[in-house]
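Okay, structure first, notes after.
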Amino acid sequence: TLSNFFAGIYLLADKPVRIGNYVRLEDGSEGYVEEIGWRSTKVKLLTDTTLIIPNSAFAQQKIVNYYSRDGMIASVTIGAAYGSDPEKVERVLLETADKVIENAHGTVRSFKPSVRLVNLADSGLEYRILFRIENFTDQWHVGNMMRKAMLKAFKKAKIEIPLPTRTLYMRK
């Protein structure tokens, strides 16, 4: 009981996490910090259940805190065929990302997205679009909007999305 009390004081004084922060615990559980009390901390999981952790156990584990005053970085990866002009692909991706960020709920509009060619993959070129979101869970909604907009933009710009292919060479 005393260890939970002192761990509670530590959590309230040092503030490694705050109410409303999205965290991932060492065991893989993820959710929003709902309450930090003298004895325990409550984390609301995405399954709409509450995980109650004694403060001594909570304070002793590694915790990933996704919260940032400026929002958090999220990304979407999309591929283009090897015959695509990389500058054209980057331009289309940036223009499309700008439009999505202007119109999507949960994005940080002051942060300009960036596009990077991240991999020369088996079937094509892989690009990563980086953008900032307000909350951890916004990444799914904004990512969904981003991917759909990218598909439409690629179709309009006649940029091919690579399909997995294999070339077989037969020995005689």
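Worth knowing before you read on, the calculation uses all heavy atoms, side chains too, and leaves out hydrogens, waters and symmetry mates.
- At least one donor-acceptor pair under 3.5 Å links the side chain of Y82 to the backbone N or O of A121.
- Using a 4.5 Å cut-off on side-chain heavy atoms (C-beta onward), S29 and L45 make contact.
- In plain terms, the two heavy atoms of A7 and A59 that are nearest each other are CB-CB, 4.1 Å.
- Between the N65 side chain and the N21 main chain, no donor and acceptor come within less than 3.5 Å of each other.
- Remark: side-chain polar atoms of D122 are not paired, donor with acceptor, to backbone N or O of P164 under 3.5 angstrom.
- To the nearest 0.5 Å, atoms CD (E35) and CD1 (I52) are separated by 8.5 Å.
- Interatomic distance, Q60 CD to I53 CD1, rounded to the nearest 0.5 Å: 12.5 Å.
- Looking at T41 and V17, their side chains never come closer than 4.5 Å, going by heavy atoms from C-beta outward.
- At a threshold of 4.5 Å between non-hydrogen side-chain atoms, the residues N144 and W140 do not count as touching.
- A donor-acceptor distance shorter than 3.5 angstrom exists from the side chain of R109 to the backbone of E102, with no hydrogens or angles considered.
- Residues I78 and I73 do not share a hydrophobic cluster, clusters being chains of Ile/Leu/Val/Met/Phe/Trp/Tyr side chains in contact below 4.5 Å.
- N135 and T137 are not linked by any side-chain donor-acceptor pair at a separation below 3.5 angstrom, with hydrogens and angles left out of the test.
- To the nearest 0.5 angstrom, R18 atom CZ is 11.0 Å from L12 atom CG.
- A distance-only check finds a donor-acceptor pair linking the side chain of R132 to the backbone of G71 [under 3.5 Å].
- Ring geometry for Y66 against Y22 counts as tilted: the plane angle lies between 30° and 60°, on a 0 to 90° scale.
- Nearest heavy-atom pair across P113 and F131 is CB-CB, 4.4 Å.
- Between I129 and T96, the closest side-chain pair of non-hydrogen atoms is not below 4.5 Å.
- Smallest separation of non-hydrogen atoms from L125 and S84: CD1-O, 4.3 Å.
- The existence of a salt bridge linking E34 and K42 is excluded, since no basic side-chain nitrogen approaches an acidic carboxylate oxygen closer than 4.0 Å.
- One hydrophobic cluster holds both I161 and I159 under the rule that ILVMFWY side chains link at heavy-atom gaps under 4.5 Å.
- L2 is connected to Y10 through a chain of hydrophobic side-chain contacts under 4.5 Å among Ile, Leu, Val, Met, Phe, Trp and Tyr, so both are in one cluster.
- Rounded to the nearest 0.5 Å, atoms CD1 (I63) and CD (E26) are 8.5 Å apart.
- The CG atom of L51 lies 12.5 Å from the NZ atom of K44; values are rounded to the nearest 0.5 Å.
- Side-chain contact between S123 and L163 is absent, with no heavy-atom pair separated by less than 4.5 Å.
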*May I have the step-by-step check of side-chain contact (heavy atoms from CB on, under 4.5 Å) for F58 and I36, ending in yes or no?*
CA-CA 10 Å; F58 189 80; I36 302 171; 6.0 Å; no

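- In this structure a side-chain-to-backbone donor-acceptor pair under 3.5 Å is missing from E95 to V92.
- When side chains are defined from C-beta on, F154 counts as touching L93, because their heavy atoms get closer than 4.5 Å.
- Residue V115 is grouped with residue L120 when hydrophobic side chains (ILVMFWY) are merged at heavy-atom distances under 4.5 angstrom, including chains of intermediate members.
- Contact detail for L94 and S114: the closest heavy-atom pair is CD2-CA, 4.1 Å.
- Atom CD of E160 sits in a sparse spot, with 12 or fewer heavy atoms from other residues, nucleotides or ligands closer than 6.0 Å.
- We find the NZ-NZ distance between K148 and K152 to be 7.0 Å, quoted to the nearest 0.5 Å.
- Nearest heavy atoms, R39 versus N4: O-CB, 3.5 Å.
- Hydrophobic clustering (ILVMFWY, side-chain heavy atoms < 4.5 Å, transitive): L151 and V76 are in one cluster.
- Residues M146 and I101 have side chains in contact (heavy-atom distance under 4.5 Å, counting atoms from C-beta outward).
- The two atoms that bring H105 and H141 nearest to each other are O-CD2, 3.5 Å, heavy atoms only.
- Screening R128, R147, R116 against T77 for a side-chain contact (heavy atoms from CB on, under 4.5 Å) leaves a single residue, R128.
- Here the side chain of N55 pairs no donor or acceptor atom with the backbone of F6 at under 3.5 angstrom.
- Side-chain atoms of N103 come within 3.5 Å of backbone N or O of K99 as a donor-acceptor pair.
- In this structure, Q139 contributes its side chain and A74 its backbone to no donor-acceptor pair below 3.5 Å.
- Residues W38 and I9 have side chains in contact (heavy-atom distance under 4.5 Å, counting atoms from C-beta outward).
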